[in-house]
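Residue numbering restarts at 1 for every chain, and letters A, B, ... go by the order of the sequence lines.
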Number of protein chains: 2
Amino acid sequence: MKKLKRVTIYDIAEKLNLNPSSVSRALNNGSNVSLSTRELILKTAEEMNYKVNSIAANLRTGHNQTIGVIVPRINQNFFANVIAGIEEVTYEKGYNLVICQSNESADREIKCVNTLANQHVSCIIISVSADFEDYAHLENIRKQGISLIQFDRVADELDTMKVVNDNEKVSMEAVCHMISEGYQRIALLEGPQNLSIFRQRKAGYLAALKKYKLPVIPELIMENAWTTELGAAATKHLLALAEPPDAIFASTSDFSALGVLEVADELGIQVPQQLGICGYSNESFTQITNPSITTIEQNSVLMGKTIAQLYFDELESGTSVAQNKLVNIQPELIIRNSTLKLSR
Amino acid sequence: MKKLKRVTIYDIAEKLNLNPSSVSRALNNGSNVSLSTRELILKTAEEMNYKVNSIAANLRTGHNQTIGVIVPRINQNFFANVIAGIEEVTYEKGYNLVICQSNESADREIKCVNTLANQHVSCIIISVSADFEDYAHLENIRKQGISLIQFDRVADELDTMKVVNDNEKVSMEAVCHMISEGYQRIALLEGPQNLSIFRQRKAGYLAALKKYKLPVIPELIMENAWTTELGAAATKHLLALAEPPDAIFASTSDFSALGVLEVADELGIQVPQQLGICGYSNESFTQITNPSITTIEQNSVLMGKTIAQLYFDELESGTSVAQNKLVNIQPELIIRNSTLKLSR
DNA sequence: TAATTCTAGGCAATCGATTGCTTTTTTTAA
DNA sequence: TTAAAAAAAGCAATCGATTGCCTAGAATTA
């Protein structure tokens with residue numbers, strides 16, 4: 001059992017025959033302390049290996065320089081990059097990040113939110129989990145005076161700052177690209193429709209079909225195919241149809257697109273000649289598959305930076321001006337070999 | 001400007017005409033409170049939307065149920081998986097995780113350590129950054145009564161709990177496998193030798209050569225080739241030698257191995273027939289390259305679980321028994337096509 | 001019924017840093 | 001030389017929860 005007594009400002013004050021308040025002032029802004037005593041205090045603190053107790057300071061001041069981030073999983077490229085972007089900015093400002101994973105579970109998400117709230121973080125940045133019921137826990141955050149920023153997967157109905165990709169526009173662009181390459185029967189692998197990002201991607205797909213006056217064929221739209229395995233299964237089903245698709249837009253993820261590619265390989269179907277494939281997210285593997293996979297870059301690092309900047313803007317403006325602000329980060333279509341029917 | 005007053009136990013106490021201490025007891029262990037008042041307090045707390053202020057509680061009790069994790073980057077498979085493993089255990093125990101990235105910078109690592117220490121986390125779990133000078137900051141942690149567990153990249157000279165892979169053994173295994181497949185001139189891409197994991201991998205490589213009485217050829221050992229680009233550059237250099245290698249063990253990472261593969265493709269060199277390749281880490285892309293890449297699975301999730309378990313064991317035993325404990329997690333060689341010279 | 005033990009609840013100190021206010025000391029101005 | 005102003009330092013309350021100790025009343029026992 002360790003019973004280490006840490007050095008406090010009282011210890012320093014006692015040693016120097018000063019008052020703790022002077023020590024505190026010397027350590028912080030340096031106001032109301034003479035230069036000489038200030039230097040003495042700093043030196044002594046260093047010698048005694050003094051470390052501020054942030055907990056005590058936070059209790060007194062009521063705020064701590066910490067931002068909580070909740071994502072479904074940190075080991076997905078997109079989220080890892082957003083976090084990297086957030087961190088770039090927060091690090092500069094001297095803020096700490098607390099990163100939590102909801103593992104796509106609503107229960108866990110609620111727990112994370114509560115923990116962060118109990119710790120009085122200044123801001124919570126969240127991308128909601130796929131499995132959710134309601135947003136009471138998020139509304140609660142605001143009631144406690146904690147800033148809330150949603151990104152990517154956002155709850156539209158909630159009145160918060162939001163940073164999102166223009167999913168619809170880029171999805172439309174992707175499908176238009178496929179159509180102009182000569183694909184006619186384009187299937188869609190769609191994600192859980194309770195998440196708006198997936199609704200938007202579907203809307204983009206539909207808009208592209210409409211623009212080119214192509215029919216919407218219900219049997220070509222497959223639900224919830226967002227892992228490699230599910231993507232593969234959906235593809236098997238699609239290719240077994242009487243009139244199979246000649247292209248698949250895996251709007252859920254690149255993992256799903258990978259499943260499509262694997263099945264095509266297996267069945268000896270030529271990509272992109274007989275089947276076009278477009279994924280989503282620009283996972284690193286999409287450029288090393290054979291053929292490389294056309295996908296969508298979400299500019300995730302930029303998104304992260306934007307999110308963090310938004311918080312500090314609000315903070316520095318001193319007002320909650322930006323409450324219901326929506327920022328769009330433009331994603332980009334990355335055209336690779338898997339959709340180049342014409343040029344082959 | 002928000003000036004939200006949060007509900008405290010005093011508010012609850014006042015409302016119910018009770019003493020805050022009773023409220024606290026009711027909310028926690030429930031001792032010394034009658035069942036009826038306890039239920040009343042719980043109900044009222046719920047109604048008033050009371051949330052405990054962990055900061056205040058932590059200040060009083062002197063400990064918080066938080067564990068800090070510092071890794072070079074969270075967006076590397078290995079680290080993300082270790083974190084996932086840690087979280088699985090800590091979540092069960094009701095502990096929180098604070099995740100920080102050092103970005104391979106010593107400065108940043110020190111800042112992370114200090115921040116976590118100031119927040120009085122109960123334990124710091126760290127994999128040190130590649131760029132480092134000394135370990136004063138880590139020694140300091142212990143002086144402050146915070147448990148310290150190192151994993152993967154550890155500072156040998158520091159007296160802490162450590163959880164590592166048996167890098168040497170599995171590296172030897174990998175090189176032996178390549179030799180038995182008929183490769184004779186095996187090159188090594190080595191990592192920064194100030195990190196013991198890379199020294200160990202090199203030792204395994206040397207041990208394998210020795211076992212098979214193969215000569216150690218200095219010009220086949222390349223330093224610091226641990227990104228895709230550096231791996232590619234090193235490969236170009238190696239293949240331009242008068243006597244080029246017939247296999248490359250990219251002991252630094254799979255990314256490096258990917259660079260090797262790309263250069264081989266470019267130069268029209270057949271893998272595995274003319275050149276064998278073995279990477280390290282079992283990144284997901286290694287199974288979808290063409291050919292798939294032989295690599296080493298580090299059992300990272302298991303490692304994470306082990307780390308967390310180690311902490312709780314120490315905690316529950318109540319003693320610092322396990323101080324200088326070393327746990328080895330057995331990695332596995334994953335044989336794929338890139339080294340199968342014989343079977344082709 | 002009286003003596004004893006339990007229970008429920010109250011009181012107040014504590015954790016360590018911060019900060020408004022007051023007092024003392026120093027400096028400047030008259 | 002003295003009065004006024006400014007700087008430096010001290011005092012004490014505060015943030016919110018926890019906890020050792022104390023007491024009044026209830027329950028138990030003799």
Has [X] got a side-chain atom pairing as donor or acceptor with [Y]'s backbone, closer than 3.5 angstrom?
X	Y	answer
A/Gln101	A/Ile74	yes
B/Asp11	B/Thr8	yes
B/Thr37	B/Val33	no

Q. What pair of heavy atoms forms the shortest contact from A/Met303 to A/Val164, and how long is it?
A.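 Smallest heavy-atom distance, with atoms named: CE-C, 3.5 Å.
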**Q.** Shortest non-hydrogen contact from A/Arg153 toward A/Ala130
**A.**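 What the structure gives for the nearest pair is NH1-N, 3.3 Å.
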Q: Find which nucleotide of DNA chain D each of B/Ser22 and A/Ser21 is nearest to by heavy atoms, and output the residue with the more 5' nucleotide.
A: A/Ser21
Q | Selection: residues 24-34 of chain B, any non-hydrogen atom under 4.0 Å of DNA chain D | A |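 Only B/Ser24, B/Arg25, B/Asn28 qualify.
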Q: Using heavy atoms and a sub-4.0 Å distance, could you list which residues of residues 35-67 of chain A are near DNA chain D? By number, please.
A: A/Thr37, A/Leu59, A/Arg60
(Q) So B/Val71 and B/Val82, do their side chains get closer than 4.5 Å, heavy atoms only? (A) no
Q) D/dG10 P sits how many Å from A/Asn17 CG, rounded? A) 8 Å
Q.
Tell me the interatomic distance from A/Leu16, atom CG, to D/dG10, atom C1', rounded to whole angstroms.
A.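 Atom-to-atom, A/Leu16 to D/dG10, this comes out as 15 Å.
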Q | 5' precedence on DNA chain C between A/Tyr10 and B/Tyr10 (nearest-nucleotide basis) | A |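 Closest to the 5' end, via its nearest nucleotide, is B/Tyr10.
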Q: For a salt bridge (Lys or Arg N to Asp or Glu O under 4.0 Å) with B/Lys43, tell me which candidate from B/Glu47, B/Glu46, B/Glu39 qualifies.
A: B/Glu47
(Q) Taking any atom closer than 4.0 angstrom to a non-hydrogen atom of chain A, what span of DNA chain C does the protein reach, first nucleotide to last? (A)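 Nucleotide range in contact with chain A: C/dG16 to C/dG20.
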Q.
Given the ring of B/Phe151, does B/Lys162 sit roughly above its face, with NZ or CZ under 6.0 Å from the centre of the six-membered ring and within 45° of the axis?
A. no
Q. So among A/Ile83, A/Ile149, A/Val327, which one has a side chain to side chain contact (heavy atoms under 4.5 Å, CB included) with A/Ile307?
A.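 Checked A/Ile83, A/Ile149, A/Val327 against A/Ile307; only one passes side chain to side chain contact (heavy atoms under 4.5 Å, CB included): A/Ile149.
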Q) Taking atom types as modelled and ignoring hydrogens, do the side chains of B/Ser129 and B/Glu109 form a donor-acceptor contact shorter than 3.5 angstrom? A)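 Yes, side-chain donor-acceptor contact under 3.5 Å.
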